[in-house]
*Asks:* 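First the structure, then my questions, so here it is.
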Amino acid sequence: MSHPTPDVYEQGKGMDAHNQVMREIRSRKEASYDPHEPTRVWLDEDNTPNGVKRSLTIILNTGGCRWARAGGCTMCGYVAESVDGGSVSHEALMDQIDVCLAHEAENGDEPAELIKIYTSGSFLDEREVGAESRRAIADTFADRERMVVESLPDFVDREKIADFTRHGVDTDVAIGLETATDRVRHDCVNKYFDFADFEAACAEAAAADEEAAGDADAGIKAYLLMKPPFLTESEAVADMISSVERCAAVEGCHTVSMNPCNVQRYTMVDDLYFEDGYRPPWLWSVAHVLRETVDVDAIVVSDPVGHGSDRGPHNCQECDDLVQKAIKDFDLRQDPSVFEQVSCDCELTWEAVMERERSFNQPLTR
Ligand code: SF4
Ligand SMILES: [Zn+2]
């Protein structure tokens with residue numbers, strides 16, 4: 001792949017030290033990918049403000065996130081999947097969409113009601129997906145009920161959202177906020193923007209929603225990261241509870257997807273993991289946060305990736321599948337009683353970790 005380098009946009013955000021480390025780590029990856037194939041595509045079902053819908057999830061290969069090229073987030077290995085040269089043509093992007101439609105036709109009984117497009121970056125960044133491609137993709141899915149597109153908050157504006165809502169398609173922008181705490185986002189995740197930028201993006205979505213009148217809804221789905229590096233289990237849990245509450249209180253944000261960190265290759269988290277400096281969160285922590293935030297005014301879901309493995313969120317191996325299943329049940333029903341039906345001896349270990357784990361402090365003096 002092309003070597004990550006900062007350009008004007010990415011410099012001067014006060015984060016050059018983490019970025020320098022992340023650029024070195026990412027440059028160890030040597031691989032390139034076909035710009036005519038999506039990174040991944042699959043069928044599933046999802047909880048939306050209008051109930052549970054059949055979904056088609058697409059990870060478009062767009063050349064990758066510009067922040068990742070500068071160095072980027074400490075847990076994110078996605079840029080490792082992007083293409084050589086850093087940009088993908090309109091024709092190639094549309095070829096990727098055709099591959100996804102063929103996958104849907106082959107594997108689904110009917111067209112999915114919900115289309116989710118992730119890009120390992122920002123769908124609304126015109127350097128990744130130009131206006132022509134954005135509008136053509138909006139036209140392709142004009143007959144669906146709902147779209148979700150992923151973007152950093154800087155690129156969210158009401159006109160871009162209107163490309164979708166003008167077809168009468170409810171539209172959500174998924175924003176990788178990671179946490180509502182600026183200090184944790186900057187210093188643990190190495191993500192440059194502030195909570196205020198997220199609030200501004202929510203305001204753009206609310207304005208798009210108003211402009212679409214009754215024809216379509218527009219809103220924000222916030223993605224949170226449970227347990228970035230450098231936090232203890234209990235700090236991570238406290239950070240998630242307050243983050244879910246703060247996101248749910250912002251107008252325009254109707255869904256919070258709180259996802260436990262997993263150890264991806266070619267990331268700082270991966271380096272820490274090999275030095276015994278990182279453990280992914282317990283699934284008990286995920287269940288605890290979901291239970292504690294059940295009264296907020298938003299849908300709160302979690303989709304633990306790689307559950308039960310050392311590099312993913314896990315408990316003791318015995319109970320991982322059961323707790324994961326309870327979390328998935330909660331996602332669809334929002335009913336905290338699903339967690340009453342699971343228990344395991346390792347809950348006691350988790351409680352001890354929550355109580356006793358302390359951050360690592362290198363003493364300055366003897
Ligand atoms: S998490 Fe998002 S913003 Fe951060 S490097 Fe990855 S794709 Fe870019
Ligand atoms: Zn257990």
Side-chain angles (χ1 to χ4, degrees), residues 1-2 31-46 48 50 52-66 68-69 76-152 155-156 159-176 216 218 221 223 303 305:
M1 67 179 254
S2 48
S32 59
Y33 293 84
D34 181 353
H36 301 274
E37 293 280 335
T39 302
R40 269 192 285 286
V41 54
W42 69 92
L43 291 160
D44 200 354
E45 48 180 29
D46 273 72
T48 76
N50 298 330
V52 177
K53 303 284 177 191
R54 293 186 310 278
S55 61
L56 176 71
T57 304
I58 297 170
I59 305 196
L60 272 188
N61 196 349
T62 62
C65 166
R66 60 165 84 181
R69 283 179 190 284
C76 172
Y78 287 151
V79 76
E81 293 175 341
S82 52
V83 289
D84 261 346
S87 80
V88 176
S89 69
H90 172 70
E91 287 70 28
L93 283 174
M94 297 317 288
D95 286 348
Q96 293 185 36
I97 294 291
D98 286 343
V99 171
C100 297
L101 289 170
H103 175 89
E104 181 186 38
E106 262 168 48
N107 297 286
D109 298 334
E110 304 169 71
E113 299 143 309
L114 169 66
I115 306 292
K116 301 194 290 180
I117 305 185
Y118 302 95
T119 69
S120 310
S122 289
F123 183 86
L124 300 179
D125 177 357
E126 294 192 343
R127 209 161 75 175
E128 280 186 58
V129 179
E132 181 191 13
S133 309
R134 181 176 69 241
R135 291 190 190 117
I137 291 170
D139 293 347
T140 303
F141 296 113
D143 58 343
R144 311 299 174 110
E145 284 179 31
R146 189 172 208 102
M147 300 269 318
V148 178
V149 296
E150 175 187 33
S151 182
L152 288 165
F155 308 112
V156 178
E159 284 82 26
K160 291 177 189 165
I161 297 174
D163 285 340
F164 299 92
T165 51
R166 77 163 59 92
H167 295 297
V169 178
D170 294 336
T171 305
D172 296 320
V173 182
I175 296 182
K221 189 173 177 186
Y223 278 72
D303 185 15
V305 171

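Computed from a prediction, not measured in an experiment: that's the story for all the values here. Side chains are part of it too, since the values below use all heavy atoms of this structure and drop only hydrogens, waters and symmetry mates.
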*Asks:* Would a distance-only check, ignoring hydrogens and angles, find a side-chain to backbone donor-acceptor pair under 3.5 Å from Glu145 to Glu113?
*Replies:* no
*Asks:* Could you go through the side chain to side chain contact (heavy atoms under 4.5 Å, CB included) check for Asp46 and Lys53 one step at a time?
*Replies:* CA-CA 5 Å; Asp46 273 72; Lys53 303 284 177 191; 5.7 Å; no
*Asks:* Rounded to the nearest 0.5 Å, how far does CD of Glu91 lie from OG of Ser133?
*Replies:* 8.0 Å
*Asks:* If only atom types and distance count, is the side chain of Thr62 paired as donor or acceptor with the main-chain N or O of Val129 below 3.5 Å?
*Replies:* no
*Asks:* Tell me, please, which residues at least two apart from Asp172 pass side-chain contact (heavy atoms from CB on, under 4.5 Å).
*Replies:* Arg146, Val148, His254
*Asks:* How many angstroms lie between atom CD1 of Ile175 and atom NZ of Lys221, to the nearest 0.5 angstrom?
*Replies:* 12.5 Å
*Asks:* Please list all pairs meeting salt bridge (Lys or Arg N to Asp or Glu O under 4.0 Å) that have one or both residues in residues 93-109, counting only residues at least two apart or in different chains.
*Replies:* Glu104-Arg144
*Asks:* What residues, two or more places apart in sequence or in another chain, satisfy side-chain contact (heavy atoms from CB on, under 4.5 Å) together with Ala142?
*Replies:* His167
*Asks:* Filter on salt bridge (Lys or Arg N to Asp or Glu O under 4.0 Å), then keep only pairs touching residues 130-142, sequence neighbours left out; what's left?
*Replies:* Glu126-Arg134, Arg134-Asp163, Arg135-Asp163
*Asks:* Indicate yes or no for a side-chain donor-acceptor contact from Ser55 to the backbone of Thr57 under 3.5 Å, with no hydrogens or angles considered.
*Replies:* no
*Asks:* Tell me, please, which residues at least two apart from Lys160 pass side-chain hydrogen bond (donor to acceptor under 3.5 Å, both in side chains).
*Replies:* none
*Asks:* Work out which heavy atom in Ala136 is nearest to a heavy atom in His90; give both atom names and the distance.
*Replies:* CB-CE1, 4.0 Å
*Asks:* How far apart are the C-alpha atoms of Ile115 and Val169, what are their side-chain angles, what is the distance that settles it, and do they pass the side chain to side chain contact (heavy atoms under 4.5 Å, CB included) test?
*Replies:* CA-CA 10 Å; Ile115 306 292; Val169 178; over 6 Å; no
*Asks:* Backbone N or O of Pro35 within a donor-acceptor pair of the Gln96 side chain at under 3.5 Å?
*Replies:* yes
*Asks:* Quick check against the 3.5 Å criterion: does Ser151 have a side-chain atom that pairs as donor or acceptor with the backbone of Val149?
*Replies:* no
*Asks:* Run the side chain to side chain contact (heavy atoms under 4.5 Å, CB included) check on Ile97 and Phe141 step by step: do they pass?
*Replies:* CA-CA 10 Å; Ile97 294 291; Phe141 296 113; 4.2 Å; yes
*Asks:* Hey, could you give me the CG/CE distance between Leu114 and Met147, rounded to the nearest 0.5 Å?
*Replies:* 9.0 Å
*Asks:* What closest approach, in Å, do Leu93 and Asn61 show between heavy atoms, and which atom pair accounts for it?
*Replies:* CD2-O, 3.8 Å
*Asks:* Which residues pass the side-chain hydrogen bond (donor to acceptor under 3.5 Å, both in side chains) test with Thr165, sequence neighbours left out?
*Replies:* none
*Asks:* Kindly give the heavy-atom pair with the smallest separation between Gly121 and Cys65, and that separation in Å.
*Replies:* CA-CB, 3.6 Å
*Asks:* To the nearest 0.5 Å, what is the distance between CG (Leu101) and CD1 (Ile58)?
*Replies:* 7.0 Å
*Asks:* Does Thr119 offer a backbone N or O that forms a donor-acceptor pair with the side chain of Glu150 under 3.5 Å?
*Replies:* yes
*Asks:* Any idea how Phe164 and Phe123 line up, ring-wise: parallel (<30°), tilted (30 to 60°), or perpendicular (>60°)?
*Replies:* tilted
*Asks:* Going by the side chain to side chain contact (heavy atoms under 4.5 Å, CB included) test, name the single residue among Ile137, Val88, Val41 that passes it with Leu60.
*Replies:* Ile137
